[in-house]
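Just so it is clear: chains get the letters A, B, ... in the order the sequence lines come, proteins before strands, and each one is counted from 1.
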Number of protein chains: 2
Amino acid sequence: MTKASVRKNRHFNPTNCAVTYCMNIIGGKWKPVIIHLIRNNTNRYSLMQKAMPEASKQTLTNQLRELEADGVIERMVFAETPPRVEYKMTDLGKTLLPIIDAMRTWGKDYVNR
Amino acid sequence: MTKASVRKNRHFNPTNCAVTYCMNIIGGKWKPVIIHLIRNNTNRYSLMQKAMPEASKQTLTNQLRELEADGVIERMVFAETPPRVEYKMTDLGKTLLPIIDAMRTWGKDYVNR
DNA sequence: CAGGATCCCTGACGATACTG
DNA sequence: CAGTATCGTCAGGGATCCTG
């Protein structure tokens with residue numbers, strides 16, 4: 001796995017393409033995967049690590065932080081020992097799901113092309 | 001403009017996320033913009049340059065070549081002087097348009113959020 | 001007009017070690 | 001368990017010059 005990392009497009013302004021806004025949100029190498037996992041209740045850090053072992057912990061953390069900063073996911077910390085943290089989609093994040101689904105459907109057809 | 005460039009995800013295999021296939025196609029910094037331009041008949045090299053002056057000629061060329069290699073767009077050369085080259089969406093490329101549209105719609109709402 | 005060739009830079013991402 | 005800190009790598013993209 002090497003691509004699927006999109007250099008953020010910081011040139012654009014609102015008169016430019018709105019698509020770029022969207023790309024800047026979901027354009028991380030693992031972000032679509034993370035969104036997909038959280039949606040399917042693979043919503044804890046360690047579970048995500050197992051599900052995508054090629055991504056380093058640092059990278060996983062970074063992508064989670066960015067998604068959180070963009071308001072796509074929410075981080076819920078439980079004061080327990082050992083600590084427990086769960087992630088969930090925000091209402092804004094859920095509006096991205098149709099796009100992710102469309103991409104998945106397209107990707108499957110593309111593979112079978 | 002700085003982000004919207006997604007490092008291609010080359011780890012994935014068909015058992016992994018199909019979304020990544022899609023991201024690897026449209027995940028270039030300027031690819032969604034290019035697709036949008038071509039669809040709206042801004043289909044010549046010089047016209048695209050004027051429409052997105054922040055992208056260098058080299059970058060524009062590279063992104064066009066990648067889109068062509070992935071079968072998303074088609075390059076048509078006319079044997080004239082000065083040379084004329086036009087780009088058009090392939091049938092496969094057209095199947096991406098609903099995704100681009102969904103992203104644009106989402107992006108507009110996101111900006112006004 | 002529509003590139004090709006070359007060189008370079010930066011930031012996304014990875015690897016490893018350590019921690020409350 | 002769920003990170004943080006640090007450092008390194010690499011490829012996507014930019015800048016400039018040249019060409020059929």
B:T61 side chain near C:dG3 phosphate (N/O to OP1/OP2, under 4.0 Å): no
Integer-rounded Å distance: D:dG13 C1' and B:R65 CZ: 16 Å
Does D:dA15 have OP1 or OP2 under 4.0 Å away from a side-chain N or O of B:S56? no
Answer yes or no: side-chain N or O of A:K57 and base N or O of D:dG3 forming a donor-acceptor pair under 3.5 Å. yes
Separation of D:dG3 atom C1' from A:L64 atom CG, nearest Å, is 10 Å
By salt bridge (Lys or Arg N to Asp or Glu O under 4.0 Å), A:R75 pairs with (sequence neighbours left out) none
What integer distance in Å separates A:I34:CD1 from C:dA12:C1'? 14 Å
Taking atom types as modelled, find out whether A:Q58 and A:N62 have a side-chain donor-acceptor pair closer than 3.5 angstrom. yes
Going by number, which of residues 36-45 of chain A have a non-hydrogen atom under 4.0 Å from DNA chain C? none
Distance, nearest 0.5 Å, that separates CD of A:Q49 from OG1 of A:T42: 13.0 Å
In whole angstroms, the gap separating P of D:dT4 from CG of A:N62 amounts to 9 Å
Would you give the length of the straight line joining atom CD1 of A:I100 to atom NZ of A:K31, rounded to the nearest 0.5 angstrom? 11.0 Å
Would you check if A:I25 and B:W106 make a side-chain contact, meaning some heavy-atom pair closer than 4.5 Å? yes
From C:dG3, C:dC1, D:dC1, pick the nucleotide closest to the side chain of A:P83? D:dC1
Output the rounded distance in Å from CE (A:M48) to C1' (D:dA2). 11 Å
Nearest heavy-atom contact between B:P32 and A:M23 is CG-CG, 4.1 Å
Give me the one residue out of A:R39, A:K108, A:K94 that meets salt bridge (charged side-chain N to carboxylate O under 4.0 Å, His left out) with A:D101. A:R39
Quick note, A:T59 side chain, CB onward, closest among C:dG3, C:dC13, D:dC1 is C:dC13
Roughly how many Å is it from CZ in B:R84 to P in C:dA2, rounded to a whole number? 9 Å
Would you kindly give the CD-to-P distance between A:Q49 and D:dT4, to the nearest whole Å? 13 Å
Interface residues of residues 68-81 of chain A with DNA chain D (non-hydrogen, below 4.0 angstrom): A:R75
B:W30 has its side chain closest, among D:dG14, D:dA2, C:dA2, to D:dG14
Using only heavy-atom distances, decide whether a donor-acceptor pair under 3.5 angstrom links the side-chain of B:Q58 to the base of C:dA5. yes
Heavy-atom closest contact (B:G71 atom, B:T90 atom, distance): O-OG1, 2.5 Å
Please report, rounded to the nearest Å, how far the P atom of C:dG3 is from the CD atom of B:E66. 15 Å
Hey, what do you get for CD1 (A:I34) to CG (A:L67), rounding to the nearest 0.5 Å? 5.5 Å
Closest heavy-atom pair, B:L92 versus A:Y110, reported as atoms and distance to 0.1 Å, is CD2-CE1, 3.8 Å
